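None of the values given here were measured: they were computed from a predicted structure. In each ligand, atom 1 is the first atom listed, and ligand 1 is the first ligand listed.
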Amino acid sequence: MRIVEPITAEIVLTDFDAIKQALTNPHLSRTFDKRTYADGNVREGVVSIMHGRAHRDRRRLENMQFRPDHLKLYEQELFSPILEQMVSAAATKGEADLFSLGERLAIVLAAKRAGFDVDIEDQQAHEDIVAYVDEFSQASAIVDAKDPDAIRATVKEAHVGFHEQFGVPSIERRVQALAALERGEIGEDDLPHDILTSLLRHRDDPNLGLAEDSVIIREAGTYLQGGTHTSSQTLINAVDLLLDSVSGHPEYWQQTKTDLAFAQRCMHETLRLRPTTPKAKRRAEEATTVAGIEIPQGALVVLDLVTANRDPELFGEDAEVFNPDRLLPSRHPQWGLSFGGGPHICPGRKVAGGLQQAGPSAELGSQHLYGLVAMMIQAVVRRDPDRHPKKPQSRDDRTERFTRWREYWTIFNNPGWSRD
Ligand code: HEM
């Protein structure tokens with residue numbers, strides 16, 4: 001990891017409560033690299049590395065895109081038919097790389113919410129946007145990259161291509177829509193409901209730092225990327241854990257097919273055991289104290305989510321085991337700290353993971369959100385996938401994040417599954 005200011009010390013936190021305190025400590029930031037974008041900081045000016053007031057202002061604006069009623073509509077009306085169509089097409093071919101399938105699925109709504117127009121019937125455009133997101137995902141995980149300079153080089157190039165192919169046309173359409181609103185030709189409800197439109201509407205606010213198109217595109221691009229790669233990785237990890245469970249708990253596989261609430265608990269349990277970010281990181285802007293531990297200025301604070309998420313006092317004696325029906329002895333979410341916490345908590349957690357269930361037999365109301373990843377897991381498991389005997393299931397060796405896959409080939413034993 002290359003950091004402009006020298007790291008003065010490295011402190012690793014493994015305790016659940018200590019990590020929660022670190023995540024809300026105002027002196028610990030995600031700003032590792034203070035160079036400008038032009039000088040090689042590919043994340044300069046985007047929400048995920050901002051800090052303090054400026055970060056709060058951005059999040060306040062962007063959080064408005066995650067209202068539960070909108071999310072419900074997205075799950076039921078938009079995602080469900082696309083999901084069936086795409087998983088069925090992949091299964092009919094007899095084999096698929098789940099990583100690529102998961103990304104192509106997740107990107108459909110991620111692009112819509114972020115505000116990048118892509119016609120998914122146009123196969124080339126669909127493939128292009130997925131390829132860009134792959135590059136951006138490397139940049140977003142750059143603190144854990146094995147070769148950050150190689151990533152900086154390719155990601156900068158990807159930003160240029162993305163800007164021209166998707167960014168500029170999407171901005172133009174929204175600028176025109178906003179002008180039409182101004183002239184009274186259309187109403188509020190006719191505007192696209194997405195991050196890009198929100199950012200454009202507020203670009204004159206000096207507190208938001210959104211004057212340049214390139215920052216706006218990279219900011220909305222953070223939402224595009226944040227929702228895609230993580231969802232696909234969690235789909236794979238869930239299928240991987242479910243396949244491992246077949247010998248000991250064949251009922252998990254069957255229940256995933258018939259019970260979406262169970263599929264959702266599989267998603268949460270998967271995230272607990274295999275967070276997409278196994279070690280979150282923070283940098284001490286000033287000397288501070290976390291749970292009685294002194295942190296000097298300039299220290300790198302490593303938050304070991306994997307260890308914290310397996311604390312037996314919080315998650316039970318079998319905390320190391322994949323058990324979607326676990327009854328939590330604590331009030332913590334079943335996914336532990338895998339969506340982060342504090343000001344940087346994942347804004348897309350309800351999109352991907354839905355709402356927490358109060359327990360395996362809790363009644364779920366009609367407005368319960370199951371999350372897109374549970375829907376993906378169920379649609380895939382219904383086609384009875386198995387690990388491909390001839391094609392790889394390989395981890396992503398470009399990153400220290402052990403929970404990330406580069407490809408995960410499966411065959412489908414029941415490609416013809418149908419809802420009827
Ligand atoms: C399984 C799915 C997901 C997982 C595991 C996940 C995980 C996380 C985590 C752990 C963080 C905080 C990192 C830190 O504090 O160091 C985060 C932040 C973020 N996530 Fe997610 N995420 C997921 C889905 C999504 C979705 C669906 C979206 C968009 C719709 C999204 C957008 C973002 C953004 C923009 C941030 C940065 C927020 C900020 O820094 O204030 N994520 N995510």
Colleague: Taking only heavy atoms of Arg30 into account, list the atoms of ligand 1 that are under 4.0 Å away from them.
Modeller: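 In order of numbering, the contacting atoms are 13 (C), 14 (C), 15 (O), 16 (O).
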Colleague: So, are Arg398 and Glu135 salt-bridged, with charged N and O less than 4.0 Å apart?
Modeller: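 No.
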Colleague: May I have the list of side-chain donor-acceptor pairs in residues 295-302 shorter than 3.5 Å, sequence neighbours left out?
Modeller:
| unit_1 | atom_1 | unit_2 | atom_2 | d |
| --- | --- | --- | --- | --- |
| Gln297 | NE2 | Glu285 | O | 3.0 |

Colleague: Report the part of Thr276 in contact with ligand 1, treating N, CA, C, O as backbone and CB onward as side chain, heavy atoms under 4.0 Å; options are side chain, backbone, both, neither.
Modeller: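 The part of Thr276 near ligand 1 is the side chain, not the backbone.
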Colleague: What I want to find out is whether Glu320 reaches Arg272 closely enough, with some N-O distance under 4.0 Å, to be called a salt bridge.
Modeller: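 No, this pair does not count.
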Colleague: Could you check whether any heavy atom of Phe66 sits closer than 4.0 Å to an atom of ligand 1, since that is the contact criterion I want to use?
Modeller: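 So Phe66 counts as touching ligand 1.
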Colleague: Within the 4.0 Å heavy-atom shell around Arg282, which atoms of ligand 1 are there?
Modeller: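 Per the distance check, 14 (C), 15 (O), 16 (O).
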Colleague: Decide whether the shortest distance between a heavy atom of Arg58 and an atom of ligand 1 is less than 4.0 Å.
Modeller: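 Arg58: no contact with ligand 1 (<4.0 Å).
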Colleague: At under 4.0 Å between heavy atoms, is it the side chain or the backbone of Leu271 that contacts ligand 1, or both, or neither?
Modeller: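 Looking at Leu271 and ligand 1, just side chain atoms fall under 4.0 Å.
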Colleague: Arg59 heavy atoms, cut-off 4.0 Å: which ligand 1 atoms fall inside?
Modeller: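 Listed by number with element, the hits are 38 (C), 39 (C), 41 (O).
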Colleague: Nearest protein heavy atom to atom 37 (C) of ligand 1, by residue and atom, and its distance?
Modeller: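 In this structure, atom 37 (C) of ligand 1 has Ser48 CB, 4.0 Å as its nearest protein heavy atom.
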Colleague: Is Ala110 near ligand 1, meaning one of its heavy atoms is under 4.0 Å from it?
Modeller: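 No.
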Colleague: Would you say His55 and ligand 1 have an N/O pair spaced under 3.5 Å apart?
Modeller: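 Between His55 and ligand 1, an N or O pair is found under 3.5 Å apart.
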Colleague: If I apply the N/O under 3.5 Å rule, does Ser231 come out as touching ligand 1?
Modeller: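 In this structure, Ser231 places no N or O atom under 3.5 Å from an N or O of ligand 1.
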Colleague: Main chain of Ile345, side chain of Arg59: is a donor-acceptor contact present, judged purely on distance under 3.5 Å?
Modeller: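 Between the backbone of Ile345 and the side chain of Arg59 there is a qualifying donor-acceptor contact (under 3.5 Å).
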Colleague: Which residue holds the protein heavy atom closest to atom 40 (O) of ligand 1, what is that atom called, and what is the gap in Å?
Modeller: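 It is His344 ND1, 2.5 Å.
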Colleague: Counting no waters, what protein N/O/S atoms lie under 2.8 Å from atom 21 (Fe) of ligand 1?
Modeller: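 The answer is Cys346 SG.
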Colleague: If the plane angle is over 60° it's perpendicular, under 30° parallel, otherwise tilted; pick one for Phe136 and His159.
Modeller: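 Ring orientation of Phe136 relative to His159: parallel.
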Colleague: Can you name the ring-ring contact (aromatic ring centres under 6.0 Å, His included) partners of His249, sequence neighbours left out?
Modeller: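 Residues passing ring-ring contact (aromatic ring centres under 6.0 Å, His included) with His249: Tyr252.
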Colleague: For Arg265, is there an ion pair with Asp325 - N to carboxylate O distance below 4.0 angstrom?
Modeller: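 Judged by the 4.0 Å cut-off on N to carboxylate O distance, Asp325 and Arg265 do form a salt bridge.
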Colleague: I'd like to know if Arg35 pairs up with Glu44 as an ion pair, taking the criterion as any Lys NZ or Arg NE/NH1/NH2 lying under 4.0 Å from an Asp or Glu carboxylate oxygen.
Modeller: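 Judged by the 4.0 Å cut-off on N to carboxylate O distance, Arg35 and Glu44 do not form a salt bridge.
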Colleague: Checking the side chain of Thr288 only, and the main-chain atoms of His27 only, is there a donor and an acceptor separated by less than 3.5 Å?
Modeller: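 The answer is no, because no donor-acceptor pair under 3.5 Å joins these two groups.
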Colleague: Mind checking salt bridge (Lys or Arg N to Asp or Glu O under 4.0 Å) for Arg174 and listing every partner two or more places apart, or none if nothing turns up?
Modeller: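 Here the qualifying residues are Asp117, Asp194.
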Colleague: Is there a donor-acceptor contact under 3.5 Å from the side chain of Arg349 to the main chain of Cys346?
Modeller: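 Yes; judged by distance alone, with no hydrogens or angles, the pair exists.
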Colleague: Is a salt bridge present between Asp397 and Arg406, judged by a nitrogen-to-oxygen distance below 4.0 Å?
Modeller: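 Counted as a salt bridge, because a side-chain N and a carboxylate O are separated by less than 4.0 Å.
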Colleague: Can you tell whether the side chains of Asp213 and Arg203 come within less than 4.0 Å, N to carboxylate O?
Modeller: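 A salt bridge is present here (some side-chain N lies under 4.0 Å from a carboxylate O).
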Colleague: Out of Leu303, Val351, Thr234, indicate the one that has the non-hydrogen atom closest to atom 1 (C) of ligand 1.
Modeller: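 Looking at heavy atoms only, Thr234 sits closest to atom 1 (C) of ligand 1.
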Colleague: Name the closest protein heavy atom to atom 29 (C) of ligand 1, giving the residue it belongs to and the distance to 0.1 Å.
Modeller: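 Looking at atom 29 (C) of ligand 1, the protein heavy atom closest to it is Tyr223 O, 3.7 Å.
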Colleague: Quick check on contacts: which atoms of ligand 1 are under 4.0 angstrom from a heavy atom of Val47?
Modeller: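 By the 4.0 Å cutoff, the relevant atoms are 40 (O), 41 (O).
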Colleague: For Thr276, is there any backbone N or O sitting under 3.5 Å from a side-chain donor or acceptor partner on Arg404?
Modeller: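 Yes; judged by distance alone, with no hydrogens or angles, the pair exists.
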Colleague: Counting each atom of ligand 1 from 1 as listed, which ones have a heavy atom of Ser338 under 4.0 Å away?
Modeller: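 In order of number, 5 (C), 7 (C), 10 (C).
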